[in-house]
Amino acid sequence: MSGPAAGTAVAATTTDVVCLGESMVTFLPSQPGRLADVPSFGRGIGGAESNVSCALAAAGHRAAWVGRVGADGFGDHLVETIASYGVDTSAVRRDPVRPTGIYFRTATDRGTDTHEVAYYRAGSAASAMSPANVPYEELFAGRILHLSGITAALSGDCLALLRELTAARPGRPLVSFDVNHRPHLWRGGDADASVLLELARRADLVFVGEDEAEEAWGIVGAEAIRAAVPEPSVLVVKRGSAGATVFASGLRPGPRSSNAGGAEDTDTVTHVPALHVDVVAAVGAGDAFAAGFLSATLRGLPVRDRARHGHLMAAAVLTVPGDLTEPPARDHADRLVALDDDAWGTLRLGPGWTAADRASEEVRTP
């Protein structure tokens, strides 16, 4: 099978979001410092798309993760851990030859010069994903299919797969694409920039950081990014501590047969300030933001509320050491999202804030 057959029917929707990508076992340092100096590591999991699926499942949505792992203990750990969040992992494939990817990282923010990551993912089971070996029926079974640019960097076959999945065809689910530019995964040159731009323009909903757009495409500013990526119905430009700017010409979370028309529609532009957060570790916040935005999209909430839910999900992860955490209860998050602009601007969230019964202790003004 080299790809979905023309006119492939979409299965009856029983899943809200299907996420496809590589998940790896991550080894987290027991103390700050260089990798050479860290004496021991704790085991966790890491992967942009599986992070999104776990966060969505924990928030009460029907989420599935599709990937490929080795027939090894690390693969067992990944599948069991992701499933423990309530994620459907039934479409995950096991590779009898290639290993599950792993990586080690330091405790510092990945945006600093002292941050180190040591990947052992070359030739991993996930890098063997291709149009010939993924379960298309399961991938197209959700209301939303979530992808990221990381997968495109893993191999030529993975890139071919993303091109298949983002191709316009009748009945495809809404395609969500997080650019996730990771220069170290690409093999030199500027191919990564053109590939990521191509894939973004084929999607329906796109997440991109203002900083990564400048690094990958040399484009500065949210308006310029929208001019370069006009086709998606919704473009979310993440601006770090400055918040997020959302360009929206279409808001429905249902299937879409093509990207045509997005550039011709009049955008509504919504800027939503970020929250004041006492950061414990700046890892996984982008995936959590995407999960919060997708969750609110599935609920049909207004653009401002979608971005606010994204900020709240990100704040939940920023206030814990790892990539994943229990999100705020939905009614708790909805109450915060409903605050007026002044009250939203004075929120400050610290560790433990997601427990609703402790909200009065942990949510405070600066």
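As the structure is a prediction and not an experimental result, all values here were calculated from the model. Residue numbers run from 1 in the order of the sequence given.
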- If two hydrophobic side chains count as joined below 4.5 Å and joins carry through other members, does Trp217 share a cluster with Val237? yes

- Identify the heavy atoms of Val195 and Ala152 that sit nearest to each other, and give their distance. CG1-CB, 4.3 Å

- Query: How many angstroms lie between atom CG of Asp267 and atom OG of Ser233, to the nearest 0.5 angstrom?
  - Reply: 9.5 Å

- Task: Check whether Leu147 and Leu197 end up in the same hydrophobic cluster, where Ile, Leu, Val, Met, Phe, Trp and Tyr are linked by side-chain heavy atoms less than 4.5 Å apart.
- Result: yes

- Query: When you measure from the side chain of Thr100 to the backbone N and O of Gly75, does any donor-acceptor pair fall under 3.5 Å?
  - Reply: yes

- Message: Using a 3.5 Å distance criterion without hydrogens, assess whether the side chain of Arg299 forms a donor-acceptor pair with backbone atoms of Arg306.
- Response: no

- Item | Polar side-chain atom of Thr81 near backbone of Leu78 as donor-acceptor pair, under 3.5 Å | no

- Query: Under the 3.5 angstrom rule, does the side chain of Glu212 hit a backbone N or O of His181 as a donor-acceptor pair?
  - Reply: yes

- Task: Measure the spacing between CG of Leu199 and OG of Ser148 and express it to the nearest 0.5 Å.
- Result: 10.0 Å

- Query: Do any N or O atoms from the side chain of Trp65 and from the backbone of Cys54 form a donor-acceptor pair under 3.5 angstrom?
  - Reply: no

- Task: Can you measure from OG1 (Thr166) to CD (Glu198) and round to the nearest 0.5 angstrom?
- Result: 7.0 Å

- Message: Whether the side chain of Ser155 engages the backbone of Ser127 through a donor-acceptor N/O pair (distance < 3.5 Å, no angle test) should be reported.
- Response: yes

- Message: I'd like to know if the side chain of Asn133 reaches the main chain of Ala128, judged simply by a donor and an acceptor atom lying under 3.5 Å from each other, with no hydrogens or angles considered.
- Response: yes

- Side chain proximity check, Thr245 to Arg226, heavy atoms < 4.5 angstrom: no

- Out of Glu22, Arg98, Arg68, which residue meets the side-chain hydrogen bond (donor to acceptor under 3.5 Å, both in side chains) rule with Ser124? Glu22

- Message: Could you check, using the six-membered ring where one of them is a Trp, whether Phe289 and His311 have ring centers closer than 6.0 angstrom?
- Response: yes

- Item | Interatomic distance, Asn51 atom CG to Ser23 atom OG [nearest 0.5 angstrom] | 7.0 Å

- Indicate yes or no: at least one non-hydrogen side-chain atom of Ser295 is less than 4.5 angstrom from one of Leu56. yes

- Query: Is it true that a side-chain atom of Arg94 and a backbone atom of Gly70 form a donor plus acceptor pair closer than 3.5 Å?
  - Reply: yes

- Query: Would you say Ser30's side chain and Ser40's backbone share a donor-acceptor pair under 3.5 angstrom?
  - Reply: yes

- Message: With heavy-atom distances below 4.5 Å as the criterion, would you say the side chains of Leu196 and Phe177 are in contact?
- Response: yes

- Task: Check the pair Asp334 / His309 against side-chain contact (heavy atoms from CB on, under 4.5 Å), numbers first and verdict last.
- Result: CA-CA 8 Å; Asp334 284 345; His309 274 285; 3.1 Å; yes

- Look at the side chain of Glu164 and the backbone N and O of Pro131, then say whether any donor-acceptor pair between them is shorter than 3.5 Å. no

- Query: Below 4.5 Å, heavy atoms only, C-beta onward: do Arg105 and Leu28 meet side chain to side chain?
  - Reply: yes

- Item | From Phe293 atom CZ to Asp305 atom CG, the distance as rounded to the nearest 0.5 Å | 10.5 Å

- Item | Where Ile150 and Glu49 come nearest, the two heavy atoms and their spacing | CB-OE2, 4.4 Å

- Query: Can you tell if the side chain of Trp353 reaches within under 4.5 Å of the side chain of Pro328, non-hydrogen atoms only?
  - Reply: yes

- Task: Please name all residues satisfying side chain to side chain contact (heavy atoms under 4.5 Å, CB included) with Ala91, sequence neighbours left out, ordered by chain then number.
- Result: Val66, Arg93, Pro135, Glu138

- Query: Do the side chains of Leu145 and Val134 join up, straight or via other hydrophobic residues, at under 4.5 Å, putting them in one cluster?
  - Reply: yes

- Task: Taking the side chain as every heavy atom from C-beta outward, state whether Glu223 and Phe247 have any atom pair closer than 4.5 Å.
- Result: yes

- Thr325 side chain reached by Thr319 side chain, heavy atoms, under 4.5 Å: no

- Query: Taking a hydrophobic cluster as the set of Ile, Leu, Val, Met, Phe, Trp and Tyr residues connected by side-chain heavy atoms closer than 4.5 Å, whether directly or through intermediates, do Val279 and Leu324 fall within one such cluster?
  - Reply: no

- Correct closest heavy-atom pair for Ala59 and Met313 would be CB-CE, 3.7 Å

- ring pair (Phe, Tyr, Trp, His ring centres under 6.0 Å) partner of Phe27, chosen from Phe41, Phe104, Tyr119, Tyr120: Phe104

- Does the side chain of Trp344 come within less than 4.5 Å of Arg304's, by heavy atoms? no

- Query: If two hydrophobic side chains count as joined below 4.5 Å and joins carry through other members, does Val272 share a cluster with Val317?
  - Reply: no

- Note on the structure: Interatomic distance, SG@Cys158 vs CG@Leu185, rounded to 0.5 Å, equals 11.0 Å

- Step by step, work out the salt bridge (Lys or Arg N to Asp or Glu O under 4.0 Å) result for Arg348 and Asp278. CA-CA 7 Å; Arg348 189 175 192 97; Asp278 297 331; 2.8 Å; yes

